[in-house]
Amino acid sequence: KNPDDADDVAAVERFLQVHMGWFAHPIYVTGDYPDVMKDYVMKKSLEEGLTTSRLPEFTDEDKAMLKGTGDFLGLNYYTARLTSPLSAEVGSEPDILDEEDADVHAEAHPDWPAPGIEFISVVPWGFRKVLNYMQDRFNVPLIYVTENGLHEAHAGDAGYNLQDTNRSCYHAAHINELRKAIEHDGVNVQGYTVWCLLDNFEWMASFSQRMGLYYVDFTDPEKKRIPKESAGFYRDVIKNNGFPEGAPITRQVQGWWKKRAQEHSEPS
């Protein structure tokens with residue numbers, strides 16, 4: 001939340017260790033959970049009246065078996081958060097990514113665009129930071145981006161707009177940050193997967209959220225599929241192995257981000 005506040009900086013590390021290190025630390029580093037995660041979960045467990053931590057303990061044999069067992073990391077990225085100690089944010093608006101065990105409060109910056117659903121703010125530069133963090137902090141040898149996409153709230157099928165420029169802009173910005181991570185930072189990323197090809201069943205949200213490059217009519221017994229504007233954009237990216245210079249959709253995406261930059265650079 002505040003890069004000059006030591007408590008906020010520590011909260012960032014705890015957040016990433018609890019969410020990412022939970023899996024990456026045992027597999028790529030020591031065979032065991034991160035120390036900060038073990039310490040905070042133990043503290044929380046004792047406060048709850050338990051005599052031992054809710055976090056299981058690995059034996060030495062477990063650690064030896066786990067360490068170094070990952071050939072690559074599959075990473076899903078959608079959005080980012082600002083973090084601060086939860087204990088210092090009494091009365092703050094709860095966030096779905098708050099982490100009570102690690103005393104972390106998460107929140108989105110009000111200036112971050114959220115053209116789909118409120119939970120998913122568009123924060124492309126966070127993508128590059130996370131890729132660097134995973135390689136540098138956990139010595140991950142190889143990364144595949146297994147999911148990256150924009151949620152879109154839509155309860156019905158009537159009047160659906162196939163001109164989903166927001167989704168094209170989202171993917172263009174994130175692919176650009178991915179390229180920076182690979183070419184400028186040396187992160188070993190070998191694959192990128194858009195989530196997702198088709199509108200589908202999105203867990204607890206059921207069919208009320210659309211993430212696909214292709215629209216699916218769920219009221220049609222045949223489940224008719226129609227390409228959205230973003231399908232054409234991503235097709236051209238794949239065909240050209242990059243953004244086709246001067247193409248209408250490329251100019252449209254550039255214009256969208258230029259407009260956003262102007263809106264947030266002008267005094268309010």
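In this structure, a donor-acceptor pair under 3.5 Å is absent between the side chains of D32 and T30. With hydrogens and angles left out, the side-chain atoms of E152 and Y160 include a donor and acceptor closer than 3.5 Å. Of the N and O atoms on the side chains of T146 and N76, at least one donor lies less than 3.5 Å from an acceptor on the other residue. Counted by atom type alone, E147 and Y78 present one or more donor-acceptor pairs between their side chains at under 3.5 Å.
Within the 4.5 Å cutoff, side-chain heavy atoms of Q209 are placed close to those of I117. Between S230 and D164, some side-chain heavy-atom pair lies under the 4.5 Å cut-off. At a threshold of 4.5 Å between non-hydrogen side-chain atoms, the residues K43 and D101 do not count as touching. Looking at L86 and D98, their side chains come closer than 4.5 Å, going by heavy atoms from C-beta outward. E99 places none of its side-chain heavy atoms less than 4.5 Å from the side chain of R14. At least one side-chain heavy atom of F233 sits less than 4.5 Å from a side-chain heavy atom of F243. Taking 4.5 Å as the limit, every side-chain heavy atom of T79 sits out of range of all side-chain heavy atoms of V122. Between M37 and L55, the closest side-chain pair of non-hydrogen atoms falls below 4.5 Å.
Looking at every heavy atom in both residues, A102 comes nearest to V18 through CB-CG2, 3.6 Å. Annotation for S53 and V41: closest pair OG-CG1, 3.5 Å, computed over non-hydrogen atoms. Counting all heavy atoms, side chain and backbone alike, V104 lies closest to F15 at CG1-CD1, 3.8 Å. Between P124 and H174, the shortest heavy-atom contact is CA-NE2, 3.7 Å. Between V123 and Y77, the shortest heavy-atom distance links the atoms O-OH, 2.7 Å.
Every pair passing side-chain hydrogen bond (donor to acceptor under 3.5 Å, both in side chains) that includes a residue from residues 181-193 is listed here, sequence neighbours excluded: R128-D185, N132-D185, N148-Y192, H171-Y192, R179-E183, N188-Q190. The side-chain hydrogen bond (donor to acceptor under 3.5 Å, both in side chains) pairs that include a residue from residues 65-75 number zero, where partners must be two or more places apart or lie in different chains.
Between K239 and D236, none of the side-chain N atoms (NZ, or NE/NH1/NH2) sits under 4.0 Å from a carboxylate O, so this pair counts as no salt bridge. A salt bridge links E48 with R54: at least one charged nitrogen is closer than 4.0 Å to a carboxylate oxygen. Using a cutoff of 4.0 Å between basic side-chain nitrogens and carboxylate oxygens, K1 and E107 are scored as salt-bridged. With respect to K228 and D199, a salt bridge is recorded, a charged nitrogen being found less than 4.0 Å from a carboxylate O.
Atom SG of C196 and atom CZ of R210 lie 10.5 Å apart (nearest 0.5 Å). Distance check: L198 CG to Y214 OH gives 8.5 Å after rounding to the nearest 0.5 Å. Taking CD from Q17 and CG from D35, the interatomic distance works out to 9.0 Å, rounded to the nearest 0.5 Å. One finds the OG1 atom of T219 at 10.5 Å from the NZ atom of K224 (value rounded to the nearest 0.5 Å). With rounding to the nearest 0.5 Å, the separation of CD in E229 from CG in N166 is 9.5 Å. In this structure, S208 OG and F201 CZ are separated by 9.0 Å, a value rounded to the nearest 0.5 Å.
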| field | salt bridge (Lys or Arg N to Asp or Glu O under 4.0 Å) between D220 and K223, worked out | value | CA-CA 5 Å; D220 185 341; K223 301 295 184 289; over 6 Å; no

| request: Report the C-alpha separation of S84 and D8 in whole Å, then their side-chain angles, then the decisive distance to 0.1 Å, and conclude whether the side chain to side chain donor-acceptor pair (under 3.5 Å) test is met. | output: CA-CA 4 Å; S84 56; D8 286 2; 4.7 Å; no

| Which is it for E202 and W195 under the side chain to side chain contact (heavy atoms under 4.5 Å, CB included) test, yes or no, and what are the steps along the way? | CA-CA 11 Å; E202 290 296 336; W195 190 264; 3.5 Å; yes

| field | CA sep, side-chain torsions, deciding dist, call: E13, R137, salt bridge (Lys or Arg N to Asp or Glu O under 4.0 Å) | value | CA-CA 10 Å; E13 180 64 16; R137 192 71 175 80; 3.0 Å; yes

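In this structure, H25 has its ring center at least 6.0 angstrom away from the ring center of Y33. Taking the six-membered ring wherever Trp is involved, the centroid distance between the rings of F138 and Y28 does not fall below 6.0 Å.
Residue E57 places its CD atom among 12 or fewer non-hydrogen atoms of other residues, nucleotides or ligands, all under 6.0 Å distant. Environment of NZ in K63: crowded, with over 12 heavy atoms of neighbouring residues, nucleotides or ligands closer than 6.0 Å. Other residues, nucleotides and ligands contribute only 12 or fewer heavy atoms inside 6.0 Å of the CD1 atom of I96.
For the side chain to side chain contact (heavy atoms under 4.5 Å, CB included) with I143, the qualifying choice from L178, I182, L131 is L131, the only one to do so.
V12 and V36 are assigned to two separate hydrophobic clusters, defined by single-linkage of ILVMFWY side chains at heavy-atom distances under 4.5 Å. Side-chain heavy atoms closer than 4.5 Å link hydrophobic residues (I, L, V, M, F, W, Y) into clusters, and following such links, possibly through other members, connects V216 to Y234. V29 and Y40 are assigned to two separate hydrophobic clusters, defined by single-linkage of ILVMFWY side chains at heavy-atom distances under 4.5 Å.
Ring geometry for W112 versus W125: interplanar angle over 60°, hence perpendicular rather than tilted (30 to 60°).
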